[in-house]
Amino acid sequence: MSLIHRRLNRFPGLSSVNAWNFQIRDAVNRNDPAESLFLFREMKRRGVEPNNFTFPFVAKASAKLAEIAYSEMVHAHVLKSPFWSDVFVGTATVDMFVKCNCVDYAVKVFERMPERDAITWNAMLAGLCQSGHTDKAFSLFREMRLNEIPPDSVTLMTLIQSASFEKSLNLLKAIHAFGIRLGVDVQVTVANTWISTYAKCSDLDSAKSVFESIDRGDRTVVSWNSMFKAYTIFGEAFDAFCLYRLMLREEFKPDLSTFINLVASCQNPETLTQGRLIHSHAIHLGADQDIEAINTFISMYSKSGDTSSARLLFDIMPSKTCVSWTVMISGYAEKGDMDEALALFHAMTKTGVKPDLVTLLSLISGCGKFGSLEIGKWIDTRADIYGCKRDNVMVCNALIDMYSKCGSITEARDIFDNMSEKTVITWTTMIAGYALNGIFLEAFELFSKMIDLDYKPNNITFLAILQACTHSGSLEKGWEYFLMMKEVYDISPGLDHYSCMVDLFGRKGKLEEALELIRNMSAKPDAGIWGALLSACKIHRNVKIAEQAADSLLNLEPQMAAPYVEMANIYAAAGMWDGFARIRSMMKQRNIKKYPGESVIQVNGKNHTFTVGERGHVENEVIYLALKSLSLFARDEHIMHKEQSYELCWV
DNA sequence: CCACAAGCGT
């Protein structure tokens, strides 16, 4: 208080409103909204009445704080003052409520304003667009036009946000066309927004053509960066790299975002070299010291399989954020090194960095993928300690997935049952869990329950339920779901769905039907689908269809050994030795080699490799004895499942 | 004495 006193007394004119106004404005501009609001209260306490300039400043401060309680207070003061009808004050209030995520309040203020100008309309429009009230936004926009408020470039930018929110290409094209027809001045910023929004709406070509339409001289580094980001979204790492070279040739200076967007396009081992080049160029230009950039580089290395480079960068970075730790942890978790991931997690909490949702989710999903049930349980019991409540839908979904992948289906179901709020993903995960664990009746039951409760299944839900059908051999049920998907939910089946159906028909020996289904597909059948048909032909010894399947398969992937081997076996089983010989010579001619499959399992951090027919492991005898008893056990299980699926025929 | 409100890429 004394500090304030001293500061206030330094301004002789502080008895006047203006002096207070400047203090309040300065605090906002210093990015100290709390101080600004404090000064406002102090001013009121001393009996100085705010004027029409005071409120917009205070509203801006409250908008920055984004606390509804403060905003309501400011609004109450506005209403009590004679300036509530002022356009500036009203617009600032609308904006304040928008920034507090209180669109309803903003609308109320907007509707009561006796006078509005273009900025008021734009502010209101932004509120509706940003909060996802797209329909309301467009009806406001129509009203705006009826009131003959000419839309400007800000209006246009605001509307683009709604297209971005809806991820609707049609909407975006409509707004783009509208902008062109209206002749709104095309500033670079507008063009840059077109680029990134086209990319978000999955239209890379339009993004490219907008970029190319900007005059060379008008392009800014943001234009280039937006293009890199676009290529990254589409996974076009090489195009991004070529564009970067062009950028340098045209003597543009890359900035931090350039590197962040550019290196983000390198996500797999094939692009590792390119990622390295970009990283070294960033070092060369001194753009490798920023924490966010380093995080992106670490992510690039670990996703490309170069964990040691990732770790090196991680270890030498001077300070680490939650993202840095999370990127490194998920690098290990995705690779299956759960022990190292967990060790790093401990180190993270020890350092005092609080894990966030992403940290937990990547750990949990790693446990599921690699069957680390113990670690998974450990994280589960501590989830709320680390700031992620166990009632968080995403955490619960991940836990259901983890438990069911580890075979603990009852624990998965327990979480499912205790969730206060479920999404389609929750249901899908649970159904997939049952399918994976061979508990098909539950999967089907859950699916109908889900529909009874008015959840709308999506393409992944249908994939899960079709997989349940495939694994239980329930052809009729599968066909029913397949039709339901198209006819009731208007979801066109993807390659995976077709693959399931081909598998189902194939296993039942209905090879003609399977082939017919493939022929009627709208999309081009992929290797998985032909492969499913081919292995079905092998079971049911149908040489004719097998030849077609193998033929299509070899057209798609001529270097893949499996179809040759499969086909050769089919010929052999049918006693067609000339066919067999033809395949063998084809393999020889095309230099196709079949490597025996390997199976790797990690025990206590050591890799153990097994190949077909090989008995070289030190503990060979124990292992194969255990394996034998397991397969006897599995046979019993199998019979049980078969009975279960017979039951289904009566349902 | 001066002045206040809207939009945009990572």
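Side-chain atoms are counted along with the backbone in the values below, which use heavy atoms only and exclude waters and symmetry mates. Chain A is the first sequence line, chain B the second, and so forth, proteins listed ahead of strands; every chain is numbered from 1.
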- A:His75 NE2 - B:dA5 C1' separation (whole Å): 15 Å
- Has A:Lys60 got a side-chain N or O lying under 4.0 Å from the OP1 or OP2 atom of B:dC4? no
- Task: Could you please name the option among B:dA5, B:dA3, B:dA6 that lies closest to any side-chain atom of A:Arg25?
- Result: B:dA3
- Task: Could you tell me the separation between the CG atom of A:Leu262 and the C1' atom of B:dG9, rounded to a whole number of Å?
- Result: 15 Å
- Would you kindly give the NZ-to-C1' distance between A:Lys200 and B:dC8, to the nearest whole Å? 10 Å
- Quick one: A:Asp152 CG to B:dA5 P, roughly how many Å, whole number? 16 Å
- Between B:dA5, B:dG9, B:dA3, which one does the side chain of A:Phe22 approach most closely? B:dA3
- Please find out if less than 6.0 Å separates the ring center of A:Phe345 from that of A:Trp325. no
- Query: So what does A:Asn52 hit on the nucleic acid, given a heavy-atom distance under 4.0 Å: a base, only sugar-phosphate, or nothing?
  - Reply: base
- Message: I want to verify a distance call: between B:dG7, B:dC8, B:dC4, whose nearest atom is closest to the A:Phe57 side chain?
- Response: B:dC4
- Could you list all the salt bridge (Lys or Arg N to Asp or Glu O under 4.0 Å) pairs where at least one residue sits in residues 120-143 of chain A, not counting sequence neighbours? none
- Message: Under 4.0 Å, counting only non-hydrogen atoms across every strand here, what does A:Thr158 touch: a base, just sugar-phosphate, or nothing?
- Response: sugar-phosphate
- Task: Any ring pair (Phe, Tyr, Trp, His ring centres under 6.0 Å) involving residues 102-122 of chain A? Give me the pairs, sequence neighbours left out, ordered by first then second residue.
- Result: A:Phe97-A:Tyr105, A:Phe110-A:Trp121
- Message: Is A:Phe53 stacked against the base of B:dC4, taking the criterion as centroid distance under 5.5 angstrom and interplanar angle under 30°?
- Response: no
- Query: Among B:dG7, B:dA3, B:dG9, which is the nearest nucleotide to the side chain of A:Asn21?
  - Reply: B:dA3
- Atom-to-atom span, CG of A:Asn18 to C1' of B:dC4 - whole angstrom: 12 Å
- Task: Would you indicate what A:Asn192 reaches in the nucleic acid, counting non-hydrogen atoms under 4.0 angstrom: base, sugar-phosphate, or nothing?
- Result: nothing
- Task: Scan for side-chain hydrogen bond (donor to acceptor under 3.5 Å, both in side chains) pairs involving residues 55-64 of chain A, sequence neighbours excluded, and state none if there are none.
- Result: A:Ser62-A:Ser71
- Query: With under 30° as parallel and over 60° as perpendicular, where do the rings of A:Trp194 and A:His176 fit, or are they tilted in between?
  - Reply: parallel
- Residue pairs fulfilling ring pair (Phe, Tyr, Trp, His ring centres under 6.0 Å) with at least one residue in residues 127-157 of chain A, sequence neighbours excluded: A:Phe141-A:Phe178
- Message: Among residues 67-74 of chain A, which ones have heavy-atom contacts with DNA chain B below 4.0 Å?
- Response: none
- Does A:Lys99 place a side-chain N or O at less than 4.0 Å from the phosphate oxygens OP1/OP2 of B:dG7? yes
- Task: State, with a plain yes or no, whether a side-chain heavy atom of A:Ser265 is found less than 4.5 Å away from one of A:Phe228.
- Result: no
- Could you state the atom-to-atom distance from CG of A:Asp26 to C1' of B:dC2 in whole Å? 12 Å
- Query: So what does A:Gln161 hit on the nucleic acid, given a heavy-atom distance under 4.0 Å: a base, only sugar-phosphate, or nothing?
  - Reply: sugar-phosphate
- What are the residues of residues 115-134 of chain A, sorted by number, that bring a heavy atom to within less than 4.0 Å of DNA chain B? A:Asp117, A:Ile119, A:Asn122, A:Ala123, A:Ala126, A:Gln130
- Determine the contact category for A:Phe55: base if any of its heavy atoms lies under 4.0 Å from a base atom, sugar-phosphate if only primed atoms, P, OP1 or OP2 are that close, otherwise nothing. nothing
- Query: Should the ring pair A:Phe83 and A:Phe55 be called parallel, tilted or perpendicular, given that the plane angle runs from 0 to 90° and is split at 30 and 60?
  - Reply: tilted
- Message: Tell me if the centroids of the rings in A:Tyr244 and A:His281 come within less than 6.0 Å of each other.
- Response: yes
- Item | Salt bridge A:Lys200-A:Glu166, side-chain N to carboxylate O under 4.0 Å | no
- Rounded interatomic separation in angstrom, taking CG from A:Leu172 and P from B:dG9: 13 Å
- Query: What is the distance, rounded to the nearest whole Å, between atom CD of A:Gln23 and atom C1' of B:dC4?
  - Reply: 17 Å
